[in-house]
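Contents: one structure, followed by commentary.
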Amino acid sequence: MTTGTLITVAPTGAESAKAEVPALPVTLDELLLTAKECEALGAAVIHVHIRDDEARPSLDPGRLRATVAALRESTDLIVQLSSGGAVTDPEGARLAVLDAAPDMASCTMGTVNFGDDVFLNRWEFIVDLHTRMQERGIVPEYEIFDLGHLAALQRLLGKYGLPAGGHVHVDFVMGVPGGMPGTAATLVAAHQMLRDLPAGTTFSATGVGRSTIPVLLASLATGGHLRVGMEDTVTYAKGRPVESNMQLVARAVGFAQLAQRPPLTTAEARDLLGVSAVRR
Ligand code: KMH
Ligand code: ZN
């Protein structure tokens, strides 16, 4: 059954430099303002990467805890911390993200070439993330950069059981140079592979760069949900830089409404993702 659309905003990421993308929210105040405005437009989840005082990507534990607290104070958004960080972040710091006790955290299901870099996700590291999230009642979003990552997820769930909350939700991150392409055909193939995962598994999709719109349309057409934001997209249209995350969320909401799948509320999103089922 097709439901409304879960809209996740990924406002910052770890890849763009503030100097090159001045509209990128990098301070806590900028993040909170963005979060509130995106929630008002229809976002239900925020996927968070933080920056330090020089706007460099950071996994500072105190800053992460303060960010989770401030987002909870100012919004009803589901707070999803990135455990992916930047390609240079060590495994220990990425695991320690969970100490900030977010509602959700990302869990990337395998290693992938990432432009000129490598985004390293060893099997044992993935198992650690998954089992620590189970123990702490943190709901994972499994990040899928390549089709083989879905086979890894099937193996993970088979060996270690369902995630906290009992619901499986994946996010197809498409169009990363080195990962699966951001095309409708690839999204359909990924969607087909969900048959091997537990019944009721849901998916969001995001297309990096110029694959944003084809991926968005293909996801809506196949019953999927949407992730948008300046982590993945800094150009709104040819020659037009993105002005704000709100501009991207507003566009996603417009497409979702056209598809007659309006945005889920934060309460509906909590139920869908199993966040409300977790005892804290
Ligand atoms: N910044 C990328 C290397 C995640 O947030 O979990 C990893 C990433 C995935 O963004
Ligand atoms: Zn991320």
Side-chain angles (χ1 to χ4, degrees), residues 7-18 21 24-26 31 34-35 38 43 45-52 55-60 64 67-68 71 77-98 100 102-122 125-126 128-130 132-133 138-146 149 152-153 156 163 169-180 182 203-209 211-212 215 225-234 245 248 273:
I7 297 186
T8 298
V9 61
T12 308
E15 279 70 43
S16 290
K18 178 78 170 171
V21 185
L24 200 68
V26 294
L31 182 68
T34 299
C38 290
V45 177
I46 186 161
H47 170 85
V48 180
H49 291 252
I50 60 164
R51 301 290 176 104
D52 66 14
R56 291 174 306 215
S58 167
L59 292 179
D60 178 76
L64 282 170
T67 302
V68 171
L71 283 167
L77 291 169
I78 297 169
V79 180
Q80 179 190 105
L81 290 184
S82 166
S83 73
V87 287
T88 45
D89 284 320
E91 290 179 350
R94 291 174 57 191
L95 286 169
V97 165
L98 304 182
D103 305 304
M104 297 182 76
S106 55
C107 178
T108 296
M109 285 311 306
T111 295
V112 63
N113 284 324
F114 201 87
D116 293 341
D117 298 308
V118 175
F119 181 30
L120 183 67
N121 294 284
R122 296 180 311 112
F125 174 70
I126 294 168
D128 251 5
L129 262 179
H130 173 78
R132 287 182 198 207
M133 282 196 245
I138 298 170
V139 173
E141 175 176 272
Y142 299 105
E143 306 285 342
I144 307 298
F145 286 74
D146 218 337
H149 292 183
L153 178 57
L156 183 77
H169 181 72
V170 306
D171 180 41
F172 301 144
V173 186
M174 310 181 72
V176 168
M180 62 182 156
F203 74 98
S204 296
T206 182
V208 171
S211 68
T212 298
V215 167
H225 300 279
L226 305 178
R227 172 173 122 172
V228 292
M230 295 178 74
E231 171 162 348
D232 305 323
T233 310
V234 292
N245 280 285
L248 295 172
L273 296 167

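Because the structure is predicted, anything quoted here is derived from the model rather than measured. Every number for a ligand or one of its atoms is a count from 1 in the order of the listing.
Of all the atoms in ligand 1, the ones that sit under 4.0 Å from a non-hydrogen atom of Gly84 are 4 (C), 6 (O). Numbered from 1 in the order shown, with element, the atoms of ligand 1 that lie under 4.0 Å from a heavy atom of Glu15 read 1 (N), 2 (C), 3 (C). Within the listing of ligand 1, atoms 1 (N), 5 (O), 10 (O) sit less than 4.0 angstrom from a heavy atom of His49.
Across every non-hydrogen atom of Val176 and Val173, the tightest pair is CG2-CG1, 4.1 Å. Across all non-hydrogen atoms, the minimal contact from Pro11 to Thr34 is CB-CG2, 4.0 Å. Nearest heavy atoms, Ser58 versus Asp52: CB-N, 3.8 Å.
The closest non-hydrogen atom to atom 9 (C) of ligand 1, taken over Phe114, Phe119, Tyr142, comes from Phe119.
Using cut-offs of 30° and 60° on the angle between ring planes, the pair Phe145 and Phe119 is perpendicular.
Taking 4.0 Å as the cut-off, Gly85 counts as a neighbour of ligand 1 on heavy-atom distance.
Remark: Arg94 does not engage Asp89 in a salt bridge, criterion side-chain N to carboxylate O under 4.0 Å.
The protein atom (non-hydrogen) at minimum distance from atom 5 (O) of ligand 1 is Ser82 OG, 2.7 Å. For atom 10 (O) of ligand 1, the closest non-hydrogen atom on the protein side is Glu231 OE2, 2.9 Å. The nearest heavy-atom contact from the protein to atom 6 (O) of ligand 1 is Ser106 OG, 2.6 Å.
Between the side chains of Ser204 and His169, at least one donor-acceptor pair of N or O atoms lies under 3.5 Å. Between the side chains of Thr233 and Thr212, at least one donor N or O lies within less than 3.5 Å of an accepting N or O.
Atom CE of residue Met104 and atom CD of residue Gln80 lie 5.0 Å apart, to the nearest 0.5 angstrom. Within the model, atoms OG1 of Thr8 and CD of Glu231 stand 11.0 Å from one another, a figure rounded to the nearest 0.5 Å. Distance CE/Met109 to CG/Leu129: 9.5 Å, rounded to 0.5 Å.
Less than 2.8 Å away from the Zn ion (ligand 2), the protein contributes these N/O/S atoms: His47 NE2, His49 NE2, Glu231 OE2.
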